[in-house]
Structure formats: C-alpha cells, structure tokens
Amino acid sequence: MDSINLQNLFYELDGDSILRCIQCGTCSASCPLTDEMENAPRELFALIRDGNITEALSSETPWYCVSCYKCMTRCPKEIPVTEIIYTLKQLAVKEGYAPKNHKTISLNSSFSNCIEKKGKVTESAVMKCYGLKHPIDVSKKIPLAFKMLKRNRLEIITQKTKNPSLLKKMLEMGDDK
Amino acid sequence: MKYSFYPGCAFKSSAGYKESFEAVINELNLKFEEIEDWNCCGATVTKGVDDFKSLVLTGRIFAIAHRQGYSVIATGCNACYTTLRKAAKKLSEKDIWVKVKEALLLEELELPEKIEIKHLLEILADIPEKTLSKNRPSYINDISVASYYGCQLTHPFSNVGDAEKPGIMEDFLKKLGFQVTEHSAGTLCCGASLAVPHEDKCKILIDRILGEIKYRKADVVSTICPLCQFNLDSQNKGIPITYITQLTGLALGIAPSKLGFDKLLTSASGIIK
Ligand code: SF4
Ligand code: SF4
C-alpha cells in the first residue's frame, strides 16, 4: 500500500482525531517512556500529518508505549493518544513496517502465542518462549525466579482453558477471508 | 450482593493477593463467584494485534459471567480492569457487538448487551466503617501507608475518581484505621510488562515512585494490581509492597499467617505486631 492510501486507512481507523492536534507536547511530556522514544507521540502525529506515515509505522516509539494513558488523560484536545498508538501497532504489523528486532514485539508474540495455545497466560511459559530469542534477558531474571520458587510462587504447570483450540477458532473468525 | 469474579492470569501466583482476598471476603461475608473456565483478557497485548481478537477474548468472559447469572464483574487487576471496561464500551457499538456475538456462538455462549466492570477496591471502599473496626488491633493506628494505584486504574475508561489523584484508596485506608502518607507518585507508571525486555528503563520509573514514597516516610505501600506489586517489590527498595487486601486483613484482626505475607520479596514483618 502506498503512503497516501496508508494515511487514509489510518484516518479511517479513527486516526483522524490527530487532525485536531495543536502540537502542544503535553502527551510527550507526560509520557514515562519519552526518553526511549525516537519520536514521542507529538512528533509521531506531526510525521503522519506531513505524509510520512511509513516513518511513523517503522518507528520504535509505539513499542515503548505501556498504555499508561497519561497522554490521553491530559491531552487538551481530547485526542485518544493511547488508542491511536494501538492502531499504529496494528497497522505496523499488518503492513509489515514494524521494526524487526524490537524486544517488546518478541515479548508480545510470546504472550499471544500462549493465549492461542492455552487460552490463559502463565508467566513461566511466556518467559520460556521469549527466552528462545532473548536468552540474556531471561537469564538476568534467574535470581528473581529462585526467590519466587522459594516463596512457592513460580508456576511450573501452565494454566489453560478447557478447550483452547475452540477459542483459537473463534479468534480467527475475524481474519481476512 | 454477589459478584462475578475475574481473577486474571497473574492473581494466583501473586504475592499473597489470593490468600488475603479469600481471608478478607470470608471474614466480611462478601460473596464472589469465579468465572468458570475464564480465559486471558489479552491485556495490553492483543489490543495491539487486532481489535476483533481482543473483543472475542473479553466477550467470552462477559458471556460466561452472564450465563452464571451476573451483570457485574469484579477484578483485582488494573490491566484486566482497563481491558474489560474498554471492551464493554466498545461492545456497546451494535455492529461490533453482532460480530463478536456470532463468534461466541461457536461455543454456544450468549454475549450480553451490557455488563458492568468494577475493581475490587471499589467494592471494598463501599464497606461501612463500623463493619471494619470491630476486631482492629491497636497497632494499626501507628502504621503509615502510601497508596499506589498504578497508572491503569484511573485512565479515561475508569470510574474511580480523579485521574491524577483518585483518593478512594486513602479514604478506605483511613476507614481501616491506618495513617495515610500523602505523596504525588500514586498514579505514576511502574513500567508494567516492559520490565522484562527493558528492565533498566523500568528501574528509573520505580525509583521515581519509591524514592518519593520513602522520602515521605511511609512504613508500607498498598497496591491493587499484581503487576504493579511485582514490579515495585522485585526492585527491593527496603519498603514492603503489600496488597490492599493484606492490609485490610491485618486491620480486621485476621492472623497474618493467613494473609500470604510470606510470599512478599521485601519482608513486611517490621509492620506486623
Ligand atoms: S497532548 Fe494532544 S494536542 Fe497536545 S501534542 Fe499531544 S496529541 Fe497533540
Ligand atoms: S500511554 Fe503510551 S504514549 Fe501515552 S504516556 Fe503512556 S506510555 Fe506514553
């Protein structure tokens, strides 16, 4: 999809609320992860309006967003900033712009994987899956895991729903036919 | 009143949330029924993948609660609370509701038209003071508690008061007989799941929160979300990070051994007499 069509698609997915943005910077200044973002929300929105949506979609910024809603709560123009970041994440993945090696994306896919296979999420299972790609991050957690084990908090057995494959089928009903 | 209870994936293995929740509701004679065969709500992850999938996950939870005869779901996790409330709002749009309803028919579940989501804290906060003070040990009055709400309770979809300074937890702690430590870090973000892939960045956020709370000389922190509790506690800053239900249990005179304090990483033995 070319840039113009992508921009239109984004606007249709409720992204057009950014057209109200006055570039005041309240969102970026309120964001706890702003230091990690190459272009914090205010800049993302400026990029998109200026026709550089592919740059916004390739950005690592959305993947540092933890959905704390501070930006959205404080935006003077009532722009649903956090929701727009979700839309950017969805579009970035669907259209193939998401940064290839971002660790948050690995963690999220380990999490989604767990839901698809078991219907419920167990931390140890997510970590096992994530650890295949990022063993160092997981090895750093080993001392903590031992402390958890000592306190009988490490769940070794994964939790699951009665029929995870039926749930998976339901989840897939929205996929493009 | 009887509530439908959605524990969420992190409740069972949390540091004594489950134990203290059970002891407290038992003592207060509150009735909660767990949603049968519940699934993960998708938290902040599935919403970043696809709207429909995230609504099927949440819709299934609503439909089972509905089948069990409930119109209100309570949860003790902030991320679940947000995810469920946001979904309930989205599902009030007819065309989306119809699509999700159709998917749920595969499991012969009926999606309700409306459902209400409450945080456990809201339910506790409604309990009259006289019910809470009967067996209160006297040392409770000497403990100063800092409320930590986390960021996901007071977002735009919530119903618990001012977004920056909700006050509901402080009011409840006062009713329990505790002293309240005033501070301004109550709704700052702890970094949530970013603590796995970007731990160093989360450390800064947690230092910001606990730095202020310690400066204000609180004895203990009260939390209401398994992820917040875990992030704050795992940094081990020398101040116990407890659940509101553990503190409630103490104030109700329940034996500390029944409240899961042994599961905390930073010991709370200094505050328990
Ligand atoms: S706070 Fe709102 S108006 Fe201000 S820059 Fe951010 S999105 Fe734009
Ligand atoms: S919701 Fe995301 S972008 Fe907004 S302030 Fe929080 S972390 Fe930053």
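Every chain is numbered from 1, with letters handed out A, B, ... down the list of sequences.
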Between the main-chain N or O of [Y] and the side-chain N or O of [X], is there a donor-acceptor pair closer than 3.5 Å?
{"X": "B:Q152", "Y": "A:S67", "value": "yes"}
{"X": "A:Q159", "Y": "B:C9", "value": "yes"}
{"X": "A:K70", "Y": "B:T187", "value": "yes"}

**Asked** B:K47 and A:E83: side chain to side chain contact (heavy atoms under 4.5 Å, CB included), yes or no, with the steps?
**Response** CA-CA 9 Å; B:K47 170 76 184 155; A:E83 299 302 294; 3.5 Å; yes
Just so I understand: if I count every heavy-atom pair under 4.5 Å between each of [options] and chain A, which residue has the most?
{"options": "B:A10, B:A15, B:G191, B:A163", "value": "B:A15"}
{"options": "B:E102, B:E164, B:K12", "value": "B:E164"}
{"options": "B:H155, B:K263, B:K201, B:R208", "value": "B:K263"}
{"options": "B:L57, B:D262, B:L55", "value": "B:L57"}
{"options": "B:L205, B:I204, B:N78, B:L265", "value": "B:L265"}
{"options": "B:C190, B:C40, B:S14", "value": "B:C40"}

**Message:** Students often mix this up, so state it plainly: with edges at 30° and 60°, are the rings of B:F157 and A:Y69 parallel, tilted or perpendicular?
**Reply:** perpendicular
**Request:** Apply the test side chain to side chain contact (heavy atoms under 4.5 Å, CB included) to residues A:N108 and B:T44: give CA-CA distance (whole Å), side-chain angles for both, the deciding distance (0.1 Å), then the verdict.
**Result:** CA-CA 9 Å; A:N108 289 3; B:T44 55; over 6 Å; no
**Request:** Might you point out which heavy atoms bring A:L167 and B:R60 nearest each other, and give the distance in Å?
**Result:** CD1-CD, 3.8 Å
**Asked** Shortest non-hydrogen contact from A:T73 to B:P156?
**Response** OG1-CD, 3.9 Å
Give a yes or no on this: more than 12 heavy atoms of other residues, nucleotides or ligands lie within 6.0 Å of atom [atom1] of [X].
{"X": "B:E93", "atom1": "CD", "result": "yes"}
{"X": "B:K258", "atom1": "NZ", "result": "no"}
{"X": "A:N101", "atom1": "CG", "result": "no"}
{"X": "A:K103", "atom1": "NZ", "result": "yes"}
{"X": "B:K89", "atom1": "NZ", "result": "no"}
{"X": "B:K237", "atom1": "NZ", "result": "yes"}

**Message:** Is A:Q90 close to chain B through its backbone or its side chain, or both, or neither, when contacts mean heavy atoms under 4.5 Å?
**Reply:** both
**Asked** Where on A:L88 is there a heavy atom nearer than 4.5 Å to chain B: the side chain, the backbone, both, or neither?
**Response** neither
Test item: [X] and [Y] side chains (from C-beta on) under 4.5 Å apart, heavy atoms:
{"X": "A:S112", "Y": "B:V45", "answer": "yes"}
{"X": "B:L106", "Y": "A:L166", "answer": "yes"}
{"X": "A:T87", "Y": "B:D51", "answer": "no"}

**Asked** For B:L264 and A:R151, what are the C-alpha separation, side-chain angles and deciding distance, and is it a side chain to side chain contact (heavy atoms under 4.5 Å, CB included)?
**Response** CA-CA 8 Å; B:L264 298 175; A:R151 288 165 180 79; 5.8 Å; no
**Message:** Does this structure show an ion pair linking A:K94 with B:D50, if we count only N-O contacts that are shorter than 4.0 Å?
**Reply:** yes
**Complete:** In this structure, OG1 of A:T161 is separated from CD of B:E107 (nearest 0.5 Å) by 8.0 Å
**Request:** Give, for atom NZ of A:K168 and atom NZ of B:K53, the distance between the pair rounded to the nearest 0.5 Å.
**Result:** 9.0 Å
**Complete:** side chain to side chain contact (heavy atoms under 4.5 Å, CB included) with A:L171: of B:T46, B:V49, B:N39, B:V56, only one passes, and it is B:V56
**Request:** Answer with side chain, backbone, both or neither: which region of B:A79 has an atom nearer than 4.5 Å to a non-hydrogen atom of chain A?
**Result:** neither
**Request:** Examine whether an atom of B:K99 lies under 4.5 Å from a heavy atom of chain A, and if so say whether it belongs to the side chain, the backbone or both; otherwise answer neither.
**Result:** neither
**Prompt:** Checking side chain to side chain contact (heavy atoms under 4.5 Å, CB included) for the pair B:E199/A:D137: CA distance, chi angles, key distance, verdict?
**Reply:** CA-CA 9 Å; B:E199 190 184 0; A:D137 283 355; over 6 Å; no
**Asked** Given the options A:I136, A:N163, A:I115, A:V93, which has more heavy-atom pairs under 4.5 Å with chain B than any of the others?
**Response** A:I115
